[in-house]
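Report on one structure; see the data block that follows.
Remember, it's a predicted structure, so these values are computed and weren't measured experimentally.
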Amino acid sequence: MEQFTIADWIALVSVIISLIALVKSFLTDRKAKDLDLQLKQQQIQAHEQDVIESKKADIEVNVIQTPRGEMNSLRFYNKGKAIALNIRFDITDDPEDNIMLRMPKDFLPYPTLHPQQSFDVRFLNQAKKPHQTIKIVWDDAYEKNRSKEMTGHVKH
């Protein structure tokens, strides 16, 4: 049997190093492809969420304080990305009708509210409670009868 020469040892070490580099390259490539796939899936999910959000209106209400002697207003506004349709509301914790709304009988449902637009409803508050809950219901491209409840301080 022939003895290994230094050249043979160098060749063997070179082959081993080449195999290690090949395996490491394969594993690194596989890991990079997995990360790329995860990134693409996250981008797809973000895009799908953006598409969903673009179909949603988001209606909220604030109390607008006015100078003494004038009626305060409830300001309903659309902070969503889609048009809201058929907006209606109810003050759910005022069964005795202590809060009198100053609007025509056919005012609700409010027909259309574009993004970043608002409408006001004047009111007179004779309730003793410092906070009232208002339930807002609307339709949009995402869903019909979407709703939100908000609790706010409605001053006298």
Side-chain angles (χ1 to χ4, degrees), residues 17-156:
I17 290 173
S18 295
L19 288 173
I20 291 171
L22 180 66
V23 169
K24 190 172 182 177
S25 173
F26 174 75
L27 294 175
T28 302
D29 184 54
R30 198 166 117 190
K31 187 175 181 179
K33 285 182 180 178
D34 287 344
L35 288 174
D36 189 46
L37 180 63
Q38 288 176 0
L39 180 60
K40 286 180 182 176
Q41 287 173 339
Q42 288 175 349
Q43 288 173 336
I44 289 169
Q45 288 174 343
H47 176 70
E48 288 172 350
Q49 188 63 32
D50 285 345
V51 168
I52 289 170
E53 290 301 316
S54 72
K55 295 178 181 181
K56 289 182 178 180
D58 188 8
I59 308 301
E60 291 193 353
V61 62
N62 282 330
V63 174
I64 307 300
Q65 302 291 326
T66 57
R68 277 222 178 274
E70 293 182 31
M71 284 191 263
N72 290 335
S73 294
L74 295 173
R75 177 162 293 158
F76 294 86
Y77 60 95
N78 183 357
K79 69 175 199 170
K81 296 181 179 180
I83 296 171
L85 305 168
N86 303 317
I87 301 104
R88 52 243 184 248
F89 67 92
D90 186 34
I91 302 173
T92 58
D93 56 355
D94 185 35
E96 295 87 26
D97 290 328
N98 291 314
I99 299 174
M100 291 173 272
L101 303 173
R102 299 292 185 198
M103 62 183 180
K105 290 185 186 232
D106 61 350
F107 189 74
L108 296 178
Y110 196 83
T112 304
L113 194 60
H114 290 267
Q116 310 312 312
Q117 285 187 333
S118 64
F119 68 88
D120 292 349
V121 174
R122 294 201 175 268
F123 70 92
L124 182 61
N125 185 4
Q126 296 177 344
K128 293 185 173 51
K129 291 174 53 177
H131 299 90
Q132 277 73 31
T133 301
I134 299 175
K135 182 177 181 179
I136 312 162
V137 181
W138 69 93
D139 302 332
D140 56 28
Y142 180 72
E143 185 177 50
K144 288 195 178 293
N145 295 320
R146 293 191 61 220
S147 66
K148 177 185 281 190
E149 281 193 357
M150 298 186 71
T151 301
H153 184 72
V154 181
K155 286 191 175 183
H156 298 286

Q) When you look at Q117 and T112, which way does the side chain to side chain contact (heavy atoms under 4.5 Å, CB included) test go after all the steps? A) CA-CA 10 Å; Q117 285 187 333; T112 304; over 6 Å; no
Q | I44 vs Q41, side chain to side chain contact (heavy atoms under 4.5 Å, CB included): CA-CA, chis, key distance, verdict | A | CA-CA 5 Å; I44 289 169; Q41 287 173 339; 5.6 Å; no
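Put simply, CD1 on I134 and CD1 on I91 are 5.0 Å apart, with the number rounded to the nearest 0.5 Å. Note that CG of L35 is 12.5 Å distant from NZ of K40, once rounded to the nearest 0.5 Å. Atom CD of E143 is separated from atom CD1 of I52 by 11.5 Å, given to the nearest 0.5 angstrom. Interatomic distance, N145 CG to D139 CG, rounded to the nearest 0.5 Å: 5.5 Å. Note: R75 CZ to I64 CD1 = 4.0 Å, rounded to the nearest 0.5 Å. Annotation: the span from R88 atom CZ to S147 atom OG amounts to 9.5 Å, rounded to 0.5 Å.
Between F119 and F76, the ring-plane angle classifies as parallel under the 30° and 60° cut-offs.
For the pair N78 (side chain) and Q116 (backbone), a donor-acceptor distance under 3.5 Å is absent. Between the side chain of R146 and the main chain of I59, no donor-acceptor pair closer than 3.5 Å is present. Between the S54 side chain and the V51 main chain, a donor and an acceptor come within less than 3.5 Å of each other. At distances below 3.5 Å, at least one donor-acceptor pair connects side-chain atoms of D140 with backbone N or O atoms of A57. Side-chain atoms of T92 come within 3.5 Å of backbone atoms of T133 as a donor-acceptor pair (strictly under, hydrogens ignored).
Salt-bridge formation is detected for the pair K148/D58: a Lys NZ or Arg NE/NH1/NH2 atom is positioned less than 4.0 Å from an Asp or Glu carboxylate oxygen.
Judged purely by distance below 3.5 Å, without hydrogens or angles, the side chains of Q49 and E53 pair a donor atom with an acceptor atom.
Closest heavy-atom contact between W138 and A84: CD1-CB, 4.0 Å. Looking at every heavy atom in both residues, G80 comes nearest to P115 through O-CB, 3.4 Å. Contact between L113 and Y110 at its shortest, heavy atoms only, is CD1-CE2, 4.2 Å.
A 4.5 Å side-chain heavy-atom check between Y77 and E60 finds at least one atom pair inside the cut-off.
The side-chain contact (heavy atoms from CB on, under 4.5 Å) with R122 is formed by just one residue from the set T66, N72, L101; it is T66.
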